[in-house]
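See structure below.
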Amino acid sequence: MVIPIIGLSILLVLTSTSPFSLDSNTGCNSHDWDCSLHLPLWVSETEKAAIEDRLEGWTKDLETSGADIVILASCLKKPLRPLWISQKTVIWINEVPDYDSWDFTPIILVSASSTSGVTQHRTTSEFSWNYIPGAGDDEESWARGLSPNLFWNHAYDLISTGPDVCNQKVADIVEKDRVYRARRGQDAPQITVKPSISERSPCLDPDLSNITISPSDEECGIFWLGSTNLALGSSQIAAERSSNIDCVLNCDQWPISVHHQEAEAYLHLPIVSSKMDRFSLFNNLPSAVNFAKSNLTKGRTLLICCHDGEDISVCVCLAILISLFNDEGSLDDGKSFSETGITKCEMRRRLVYVCKFAIKARPSSGNLKQVFSFLNSEVAEV
């Protein structure tokens, strides 16, 4: 139910705070937009009422989060509305209305949930499963090593292959990408996938000796956070492009070769995912903040990196930003933090600030919880 709530909260903020008027192209007055809560039929009236009771609070949280609502308002011509596709959805392609005729902007949501109390269970094919709420969040258990970037780079190929050879196509794509990264010294672990029933037959591994390897992921680059002297990136980018950066904080599991030989200019903290160690980030944050403080106070630039530049490094950067910078993004050695402390709302607002610059940021909830726990423990010690 997260996406419908977010979509409606955005609409409520837009219609209450933005100077909307009649759009000359659509003829739609945004003050007349449908801002009611739309949920799938299988959601009970009790749950719907509970969501509606909390909408006002969520809308206020969005207003104070620091998200750039003005940009969204300038491009949104129709109200957002979610549409669901479930296991039992039947769509007649020739009866789908033209998008321009709709009076809303659709958000298509594909649900793995069974719409009835009895979940279909098959035992003679690879599609034998029971739906577990929340299981879709753990892509390691079902994505077969396919990352979001890899999927979108090969989306049409994967869809056109059909279900019979889709898994083999995914395996080929993942292995080609792994070989490409391994040849360049990047982190490239071997992906192990439990074979399904239909795959349990004697076969040889695909011959990749004649495959022409081509880059499949765009380089994430280095993302500077305004005028804070803080930057985010992957460890590979840090190894290749850190010559013009004063200091590097490496949060990858593996060390990297950088141009900084001085001990005070490079720190390696081997932090692992919260799914592997629930306290790895928490235990390393004091060293990370101290390293950042000692260098930022000298006016040095600092690059924080991890294996993909999207999760752990973002969380470390968030902890540093809250601990050492004030609301205006100015370094104050933690004075503002010691006076005001931290709330989930404030941490969310700072994360929005980070994501404005680090556009590929995908911090996990497990790591964000460790950041919040660390910041609270710091406040308790002050």
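Just so we're clear, the structure is a prediction, and the values are computed from it rather than from any experiment. When a residue number appears, it is its place in the shown sequence, counting from 1.
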Just checking Lys344: does its NZ atom have more than 12 heavy atoms from other residues, nucleotides or ligands closer to it than 6.0 angstrom?
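Not buried by this count: 12 neighbours or fewer within 6.0 Å.
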
Is it the case that atom NZ in Lys356 sees more than 12 heavy atoms from other parts of the structure closer than 6.0 Å?
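Enclosed: over 12 neighbouring heavy atoms sit under 6.0 Å from NZ of Lys356.
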
Distance in Å, [X] [atom1] paired with [Y] [atom2], rounded so as to fall on 0.5 Å steps:
| X | Y | atom1 | atom2 | value |
| --- | --- | --- | --- | --- |
| Asp277 | Phe282 | CG | CZ | 12.0 Å |
| Phe372 | Leu375 | CZ | CG | 8.0 Å |
| Cys247 | Leu296 | SG | CG | 8.0 Å |
| Asn284 | Leu249 | CG | CG | 9.5 Å |
| Leu331 | Ser336 | CG | OG | 11.5 Å |
| Asp332 | Ser323 | CG | OG | 10.5 Å |

Side-chain heavy-atom pair [X], [Y] within 4.5 angstrom cut-off:
| X | Y | answer |
| --- | --- | --- |
| Asp172 | Gln168 | yes |
| His154 | Val170 | no |
| Asn295 | Asp246 | no |
| Lys369 | Ser274 | no |
| Ile173 | Leu158 | yes |
| Val314 | Leu318 | no |
| Leu368 | Met347 | yes |
| Leu83 | Trp102 | yes |

Passes side-chain hydrogen bond (donor to acceptor under 3.5 Å, both in side chains), Asn367 versus Asp311? Steps please.
CA-CA 8 Å; Asn367 285 334; Asp311 183 6; 3.1 Å; yes

What residues, two or more places apart in sequence or in another chain, satisfy ring pair (Phe, Tyr, Trp, His ring centres under 6.0 Å) together with Phe151?
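Ring pair (Phe, Tyr, Trp, His ring centres under 6.0 Å) list for Phe151, sorted by chain: empty.
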
Residues [X] and [Y] bridged, charged N to O under 4.0 Å:
| X | Y | result |
| --- | --- | --- |
| Arg178 | Glu175 | yes |
| Glu346 | Arg349 | yes |
| Glu264 | Arg300 | yes |
| Asp308 | Lys360 | no |

Which pair of non-hydrogen atoms, one from Ile359 and one from Phe223, has the smallest distance, and what is that distance?
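Looking at all heavy atoms of both residues, the closest pair is CG1-CE2, 3.9 Å.
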
Do you know which two heavy atoms are closest between Leu109 and Pro82, and how far apart they sit?
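Closest pair (atom of Leu109, atom of Pro82, distance): CD1-CB, 3.7 Å.
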
Could you tell me how the ring of Phe357 sits relative to the ring of Tyr353: parallel (under 30°), tilted (30 to 60°) or perpendicular (over 60°)?
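Phe357 vs Tyr353 ring planes: perpendicular.
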
Would you check if the side chain of Arg81 reaches a backbone N or O of His38 as a donor-acceptor pair within less than 3.5 Å?
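Side chain of Arg81 to backbone of His38: no pair is present.
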
